[in-house]
Asks: 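Before I ask anything, let me first share the structure, which is written out below as structure tokens.
Residue numbers begin at 1 in each chain, while the letters A, B, ... track the order of the sequences. Atom set for the values below is all heavy atoms of this structure, side chains included, hydrogens, waters and symmetry mates excluded.
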2 protein chains.
Amino acid sequence: MHDKMNHELNPRISADCVIFGFDLNKLNVLLIERETVVGLDTYRALPGDLIFEDEPLDTAANRVLNELTGLEDIYLEQVGAFGDPDRLSKPQDRAWLKAVRQDPDARVVTIGYYSLVGMNNYVPQPASFARAATWIPIEEIGELAFDHRQILEGALKKLKEKLNVQPIGFNLLPEKFTLSQLHRLYEAILGVELDKRNFRRKMLKMDILESLEERQEGVPHKPSQFYKFNEQKYHDLLKTGFDNFAF
Amino acid sequence: MHDKMNHELNPRISADCVIFGFDLNKLNVLLIERETVVGLDTYRALPGDLIFEDEPLDTAANRVLNELTGLEDIYLEQVGAFGDPDRLSKPQDRAWLKAVRQDPDARVVTIGYYSLVGMNNYVPQPASFARAATWIPIEEIGELAFDHRQILEGALKKLKEKLNVQPIGFNLLPEKFTLSQLHRLYEAILGVELDKRNFRRKMLKMDILESLEERQEGVPHKPSQFYKFNEQKYHDLLKTGFDNFAF
DNA sequence: TCGCAAAGTGTATTTTTGACACAAAGGTCC
DNA sequence: GGACCTTTGTGTCAAAAATACACTTTGCGA
């Protein structure tokens, strides 16, 4: 819209990111702790901040995420807009806003995003106003700042829906993984038990996994086979028409 | 956030509505024509406008929709936020904004919504800056104002997804309808052909329709049976756990 | 070597899907 | 009133998919 770049903050619009991670056991979410305002407890929060005036929304989400946690180049999927006029009105949040925002009373509409990352190859690097950035198991997440709890619920709902339509779970796993890990991942996300044999049969029938020579080592039980996701086969499958990814 | 009401416009955030209607034959969308700016053709547009400063997003969407088309008390589902910095930069749009907006250069992020209404019991009543409000068959919709085309595509995608998860189609039909009408509706939304017998079998097996005594009259062929949607049975079904609504 | 823990595997039954064609009803037109 | 047109409404069979279910294998540790 403007010819010159305008990297001022847009005081009315922010982006918040729900980053899911999987530690091969439980589903986690990346949360930050804000710099403490003296004399007040502070909630954990989703990484998020105001966008720039001339910045596309998803670019902003990525930038903000990077500034607060060090995560880079993540594919973010939009959850939606959250715009309750009272969404910033909890006392702790008001205090924090007064401390850091130019216009702490402004109404801000936020755009929620979510993504999946492998917890292994990423160590949170808090910066900016994030005093800490930590993976928290999803069942242990209590109250969050602002309406972040609501954004989280929305993201989780979208994630579940998506998982029944696209085999996105691989983004949460290391490149090599076992079928049991994938199985646990599906159970963690969907929040239900899935029969082991039926899960394996269906997953393998999709023919988007490649079994590797390698097997687990040093485990005190039968070592399991490693697999990797075959993106090529997946795309071919989509082209030839396939839709039955649900469990 | 504020104690006193603040019905000023928020110059940065708008709401746009994609209203789907079904004329028992084709899927339509409710579009408005803006007041013409002298000397310029103008595109059709989705009903939409800036929100108020203290207004929840969905309230705003409903208000705006009502002001432009007369539609009232519609359940609107969010499509998402659309915030490309260049989304208002087409020349026709710029001219129109200059004519009507206080701050025509402001960057505006819009929140898209969609809904389904019965075309029968509603006649568009254009008002405000809408010179006309008209149902347009979805295949005949050409270029739209701003990024409204993109919002429309997004809404249609959500609608399809939703239809495979919830039998929402009934909202588009009169209270009494025939299975053929419902069949055509599904085909219109999903954009595919569905086998008549298989469609009927599956739909009836859900046991959420009630067949009425009444049949069609005055049609030059075998008259068809009327049905109505049984909301009670539908909710019971959800409680006992059912998920196979897809076609 | 015994025990433990998780991996890995097959079958039988039921349910769902998909493909497919013809008779029934009512109006229209001559 | 009979021929014809249009849309409704119906059943079966075969293939595919879902579900339920239990025991053997492997490797480590004690």
Side-chain angles (χ1 to χ4, degrees), chain A residues 23-26 163-165 167 173-174 176-188 190 192-228 237 240-247, chain B residues 23-26 163-165 167 173-174 176-188 190 192-228 237 240-247:
Chain A
D23 58 10
L24 302 189
N25 202 8
K26 294 190 206 169
L163 191 66
N164 274 325
V165 166
L173 289 172
K176 300 168 185 179
F177 53 86
T178 71
L179 277 183
S180 298
Q181 289 166 351
L182 189 57
H183 183 202
R184 275 195 292 276
L185 171 56
Y186 269 74
E187 292 188 329
L190 298 176
V192 296
E193 278 207 355
L194 299 169
D195 180 84
K196 180 168 56 163
R197 280 176 288 191
N198 295 340
F199 176 82
R200 285 167 169 252
R201 170 158 37 112
K202 184 160 184 184
M203 185 57 77
L204 289 173
K205 181 133 52 83
M206 288 178 194
D207 193 31
I208 52 178
L209 296 189
E210 239 172 88
S211 84
L212 305 175
E213 293 308 304
E214 218 171 332
R215 339 183 104 258
Q216 271 183 322
E217 278 172 31
V219 288
H221 55 74
K222 181 171 177 178
S224 71
Q225 172 97 221
F226 280 113
Y227 288 82
K228 70 175 192 187
L237 193 57
T240 66
F242 188 80
D243 65 342
N244 191 10
F245 292 111
F247 280 88
Chain B
D23 58 10
L24 302 188
N25 201 7
K26 294 191 208 171
L163 191 66
N164 274 326
V165 166
L173 290 171
K176 299 169 185 178
F177 53 86
T178 72
L179 277 183
S180 298
Q181 289 166 351
L182 188 58
H183 182 203
R184 276 193 292 276
L185 171 55
Y186 268 75
E187 292 187 327
L190 298 177
V192 296
E193 280 207 354
L194 299 169
D195 180 85
K196 180 169 54 160
R197 280 176 290 192
N198 294 341
F199 176 83
R200 285 166 170 251
R201 173 173 24 134
K202 184 160 184 183
M203 185 57 77
L204 289 174
K205 182 134 49 88
M206 289 179 194
D207 194 31
I208 54 177
L209 296 188
E210 239 172 89
S211 85
L212 305 174
E213 293 307 305
E214 218 172 330
R215 341 183 102 256
Q216 271 183 322
E217 278 173 31
V219 288
H221 56 72
K222 182 170 177 178
S224 71
Q225 173 96 221
F226 279 113
Y227 288 82
K228 72 174 191 184
L237 193 57
T240 65
F242 188 79
D243 64 342
N244 190 10
F245 292 112
F247 280 88

Asks: Look only at the side chain of B:K202 and the backbone of B:A246, and say whether a donor-acceptor pair between them is shorter than 3.5 Å.
Replies: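 Yes, because the side chain of B:K202 sits within donor-acceptor range (under 3.5 Å) of the backbone of B:A246.
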Asks: Which label fits B:F247 and B:F199: parallel for a plane angle under 30°, tilted from 30 to 60°, or perpendicular past 60°?
Replies: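 Judged by the thresholds at 30° and 60°, the geometry between B:F247 and B:F199 is tilted.
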Asks: Taking the side chain from A:H183 and the backbone from A:R200, do they hold a donor-acceptor pair closer than 3.5 Å?
Replies: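 No; judged by distance alone, with no hydrogens or angles, the pair does not exist.
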Asks: Is the side chain of A:Q216 donor-acceptor paired with the backbone N or O of A:S224 at a distance under 3.5 Å, no angle test?
Replies: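 Indeed, once roles are kept as given, a pair shorter than 3.5 Å links the two residues.
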Asks: Run the salt bridge (Lys or Arg N to Asp or Glu O under 4.0 Å) test against B:D207 and tell me which residues pass, sequence neighbours left out.
Replies: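 Once residues adjacent in sequence are excluded, the partners of B:D207 under the salt bridge (Lys or Arg N to Asp or Glu O under 4.0 Å) criterion are B:K233.
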Asks: Within a strict 4.5 Å, meaning less than it, do heavy atoms of the B:S211 and B:L204 side chains meet?
Replies: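 Side chain of B:S211 against side chain of B:L204, heavy atoms only: no contact under 4.5 Å found.
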Asks: Classify every nucleotide of nucleotides 3-15 of chain D by which part a protein heavy atom approaches to under 4.0 Å, writing B for the base, S for the sugar-phosphate alone and - for neither, in 5'-to-3' order.
Replies: ---BBBBBB----
Asks: Which comes earlier along DNA chain C counting from the 5' end, the contact point of B:A246 or that of B:E217, where each point is its nearest nucleotide?
Replies: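 Closer to the 5' end of DNA chain C: B:A246.
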Asks: Taking all non-hydrogen atoms of both residues into account, name the closest pair between B:N244 and B:M206 and its distance.
Replies: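 Closest approach of B:N244 to B:M206, heavy atoms only: O-CE, 4.0 Å.
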Asks: Given side chains that start at C-beta, do those of B:L173 and B:Y227 come closer than 4.5 Å, heavy atoms only?
Replies: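 With C-beta onward as the side chain, the pair stays apart.
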Asks: Taking CE from A:M203 and C1' from D:dA17, how many angstroms apart are they, rounded to a whole number?
Replies: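 Answer to the nearest Å: 16 Å.
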Asks: Under 4.0 Å from a heavy atom of chain B: give me the 5'-most and 3'-most nucleotides of DNA chain C that qualify.
Replies: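 With heavy atoms of chain B under 4.0 Å away, the range is C:dT16 to C:dG27.
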